[in-house]
Amino acid sequence: MKKQIFNTLFVATLVATSATQISAQTYADYNKRELLWQVLDQSRANDYVPVFFNIHFKDKEGQKAVQSHIDWYKTTHVDFVNVKYEYFPEIQSVKSVKDWKNIKPFAPETWDEQINVVRQLKQELGDEALIIPTVFSPLRVLIQTAGAQLSSDRDGRRHFVELIKKDPKAIKPALEAVTQSLLYYISEARKAGADGFYISSQGDDLEEFGGGVFAEIIKPYDRQLSDLAAQIAPFNILHICESGGHFTPETFNDYLDYPGSIINPPLHNWQDKSISLSEISKLFHRPVLGGLNNRSKALKDGNLAELKAEVDEILKNAPANFIFGADDSVFNDVDQEVLRKIVDYIHAWRQTHK
């Protein structure tokens with residue numbers, strides 16, 4: 001409780017300080033850290049709209065991974081550095097329900113490479129931008145370390161989904177082992193310079209783990225990551241990943257009690273009734289990140305005119321204070337020059353469309 005109180009006061013002080021500085025400066029005078037602290041202040045609208053888009057980087061380790069993140073940040077003009085690349089521990093084979101007990105906590109050195117990337121990015125960009133690593137859900141990491149290494153391995157993932165459905169309680173020891181390892185990573189990444197975390201929560205798909213299985217088996221471990229991030233870091237994003245399913249307003253309620261400074265929801269993958277950015281902001285009483293369909297045809301084609309039209313419609317109805325982004329990561333081969341132009345367009349939109 002003391003950590004939570006300190007954290008709340010810390011954020012409030014940063015927001016108040018940044019807001020005072022921003023009111024006396026032009027937009028060219030301050031850095032992107034200040035812009036994002038302003039978003040947390042829900043008492044005022046943000047005239048400058050921060051933007052976040054991310055991809056799955058090809059380079060996974062070492063200086064190449066560091067440089068890929070730096071190049072993306074500088075080329076696209078996005079407003080914070082999301083440390084995102086898929087590196088998972090060695091496979092611990094699971095063939096049947098009884099094999100879940102084979103999943104053990106990962107050795108601490110498993111995370112050394114990722115933590116070093118965080119540390120180097122903090123040194124390179126930490127003075128001007130927040131450093132926000134992605135943390136994948138215990139369920140996703142469990143499925144990948146059990147044998148389905150890639151998200152594109154749909155057959156492998158389906159096998160593990162069916163195995164979990166057969167006896168959901170049997171995965172608890174495995175989820176516990178993975179969760180403890182992820183909690184270690186969060187703590188060490190924070191020490192290395194992370195300002196917060198992009199916590200990716202997965203599992204509440206209608207087709208897979210909706211209802212009781214999510215609430216009773218998956219959520220308790222899922223929540224531990226968000227809870228720790230909220231205790232030790234001032235700026236955290238709850239990314240509610242659809243992971244191939246379709247949400248309803250009812251299943252979305254499972255996330256209302258999660259902590260997180262910002263909510264990044266799946267707006268474009270709902271069953272029957274959709275929900276708006278403003279509705280989600282009111283539902284969670286927090287700012288939201290999103291608006292654009294990450295599978296947008298205009299984005300895929302690099303059609304700037306059509307993209308601007310989509311952005312116009314989103315911003316006309318957006319909350320007063322939010323971060324523009326997408327439901328999830330965008331196409332890996334996205335035209336970064338086009339993306340930079342649309343990011344610059346969004347940044348200035350509220351000054352040019354008064």
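Sequence positions, counted from 1, serve as the residue numbers for this chain.
- In this structure a side-chain-to-backbone donor-acceptor pair under 3.5 Å is missing from R190 to G196.
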Residues 316-325, side-chain donor-acceptor partners within the protein, below 3.5 Å, at least two apart:
unit_1: K316; atom_1: NZ; unit_2: E313; atom_2: OE2; d: 3.1
unit_1: N317; atom_1: ND2; unit_2: E313; atom_2: O; d: 3.1
unit_1: N321; atom_1: ND2; unit_2: D41; atom_2: O; d: 2.8
unit_1: N321; atom_1: ND2; unit_2: R44; atom_2: O; d: 2.7

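- For the pair I314 and G291, the tightest heavy-atom approach, listed with the atom from each and the gap, is CD1-O, 3.3 Å.
- Between V51 and H347, some side-chain heavy-atom pair lies under the 4.5 Å cut-off.
- In this structure the side chain of D127 never reaches within 4.5 angstrom of the side chain of N31, judged on heavy atoms.
- Closest of all the heavy-atom pairs between A189 and F197 is CB-CE2, 3.7 Å.
- Ring-plane geometry between W37 and F235 is classed as perpendicular, the angle between the planes exceeding 60 degrees on a 0 to 90 degree scale with a lower cut at 30.
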Requested in this report: May I have the step-by-step check of side chain to side chain donor-acceptor pair (under 3.5 Å) for E128 and Y73, ending in yes or no?
Outcome: CA-CA 11 Å; E128 63 179 276; Y73 170 76; 2.9 Å; yes

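- Every residue was checked against the salt bridge (Lys or Arg N to Asp or Glu O under 4.0 Å) condition with K341, not counting sequence neighbours, and none meets it.
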Requested in this report: Begin from the C-alpha positions of L130 and V81 and carry the test side-chain contact (heavy atoms from CB on, under 4.5 Å) through to its verdict.
Outcome: CA-CA 6 Å; L130 297 178; V81 180; over 6 Å; no

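- Within the 3.5 Å criterion, the main-chain N or O of F284 finds a donor-acceptor partner in the side chain of R286.
- The backbone N or O of K32 sits nowhere less than 3.5 Å from a side-chain atom of D79 that would complete a donor-acceptor pair.
- The heavy-atom pair separating L228 from S187 by the smallest distance is CD2-OG, 3.7 Å.
- A side-chain donor-acceptor contact under 3.5 Å links R33 to the backbone of A129.
- A heavy-atom distance below 4.5 Å is not found between the side chains of V118 and W111.
- Proximity of a side-chain donor or acceptor of S281 to a complementary backbone N or O of V288 within less than 3.5 Å is not detected.
- The closest side-chain heavy-atom distance from N116 to V66 is not below 4.5 Å.
- Remark: the backbone N or O of D47 is paired with a side-chain donor or acceptor of Q351 at under 3.5 angstrom.
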Requested in this report: Any chance you could lay out the salt bridge (Lys or Arg N to Asp or Glu O under 4.0 Å) test for R223 and D257, step after step, and finish with the verdict?
Outcome: CA-CA 9 Å; R223 269 290 305 269; D257 61 353; 3.5 Å; yes

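- Expressed to the nearest 0.5 Å, how far CD of Q224 lies from CD1 of I186 amounts to 10.0 Å.
- Once rounded to the nearest 0.5 Å, the distance linking CD1 of I171 with CD of E176 reads 12.0 Å.
- A donor-acceptor pair under 3.5 Å is absent between the side-chain atoms of N253 and the main chain of L256, judged by distance alone.
- At a cut-off of 3.5 Å, with distance as the only test, a side-chain donor of Y258 or D222 sits close to an acceptor on the other residue.
- Residues F106 and Y184 fail the side-chain proximity criterion, which asks for heavy atoms closer than 4.5 Å.
- Side-chain N/O atoms of H56 and N332 include no donor and acceptor closer than 3.5 Å.
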**Report entry** Worked verdict on K122 versus D195 for salt bridge (Lys or Arg N to Asp or Glu O under 4.0 Å)
**Finding:** CA-CA 9 Å; K122 182 66 174 181; D195 294 288; 3.3 Å; yes

Query raised in the report: Is there a salt bridge (Lys or Arg N to Asp or Glu O under 4.0 Å) between E188 and K191 once you walk through the steps?
Result: CA-CA 5 Å; E188 294 304 305; K191 293 175 188 174; 3.0 Å; yes

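- A side-chain donor from one of S276 and E279 sits under 3.5 Å from a side-chain acceptor of the other.
- Both the sub-6.0 Å distance and the 45° axial angle are not jointly satisfied by R350 relative to the ring of Y48.
- When all heavy atoms of P234 and S261 are compared, the closest pair comes out as O-OG, 3.5 Å.
- Here the NZ atom belonging to K172 is positioned 12.0 Å from the OG1 atom belonging to T179, to the nearest 0.5 angstrom.
- The number of heavy atoms from other shown groups lying within 6.0 Å of NZ (K101) is above 12.
- The side chain to side chain donor-acceptor pair (under 3.5 Å) check on N264 picks up Y198, H239, with sequence neighbours excluded.
- Both tests hold for R140 against F136: distance to the six-membered ring centre under 6.0 Å, angle to the ring axis within 45°.
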Report task. Output, in order, the C-alpha distance, side-chain angles, deciding distance and verdict of side-chain contact (heavy atoms from CB on, under 4.5 Å) for I217 and K169. Result -> CA-CA 7 Å; I217 308 297; K169 291 182 180 179; 4.0 Å; yes

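- The salt bridge (Lys or Arg N to Asp or Glu O under 4.0 Å) check on R158 picks up D155, with sequence neighbours excluded.
- With 3.5 Å as the limit, one finds no donor-acceptor pair spanning the side chains of S93 and N102.
- Proximity of T75 to E337: side-chain heavy atoms (C-beta onward) are separated by under 4.5 Å at one or more points.
- The nearest pair of heavy atoms linking P108 to D112 is O-OD1, 3.8 Å.
- In this structure, L307 CG and L292 CG are separated by 6.5 Å, a value rounded to the nearest 0.5 Å.
- Here the CH2-NZ distance, from W72 to K84, works out to 10.5 Å after rounding to the nearest 0.5 Å.
- Relative to the ring axis of F331, R295 places its NZ or CZ within 45° and under 6.0 Å from the centre.
- At distances below 3.5 Å, not a single donor-acceptor pair connects side-chain atoms of T145 with backbone N or O atoms of L142.
- Distance alone, capped at 3.5 Å, places no donor-acceptor pair between the D301 side chain and the N303 backbone.
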Query raised in the report: Does the pair N54 and S329 meet the rule for a side chain to side chain donor-acceptor pair (under 3.5 Å), with working shown?
Result: CA-CA 5 Å; N54 69 340; S329 53; 4.7 Å; no

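- In this structure, a donor-acceptor pair under 3.5 Å is absent between the side chains of H268 and N294.
- A donor-acceptor pair shorter than 3.5 Å cannot be found between the side chains of E34 and Q38.
- A search for salt bridge (Lys or Arg N to Asp or Glu O under 4.0 Å) contacts involving D312 returns nothing, not counting sequence neighbours.
- Nearest approach of A192 to I115, heavy atoms of both residues: CB-CG2, 3.7 Å.
- Salt-bridge annotation for D167 and K98: absent, with no side-chain N of the basic residue lying under 4.0 Å from a carboxylate O of the acidic one.
- Taking 4.5 Å as the limit, every side-chain heavy atom of T134 sits out of range of all side-chain heavy atoms of V83.
- Judged as a side chain to side chain donor-acceptor pair (under 3.5 Å), and not counting sequence neighbours, Q63 has no contacts.
- For the pair S137/L225, no side-chain contact is recorded, criterion being any heavy-atom separation below 4.5 Å from C-beta on.
- Using modelled atom types, one side-chain atom of S68 and one backbone atom of K64 make a donor-acceptor pair closer than 3.5 Å.
- Once rounded to the nearest 0.5 Å, the distance linking CG of L289 with CG of L238 reads 11.0 Å.
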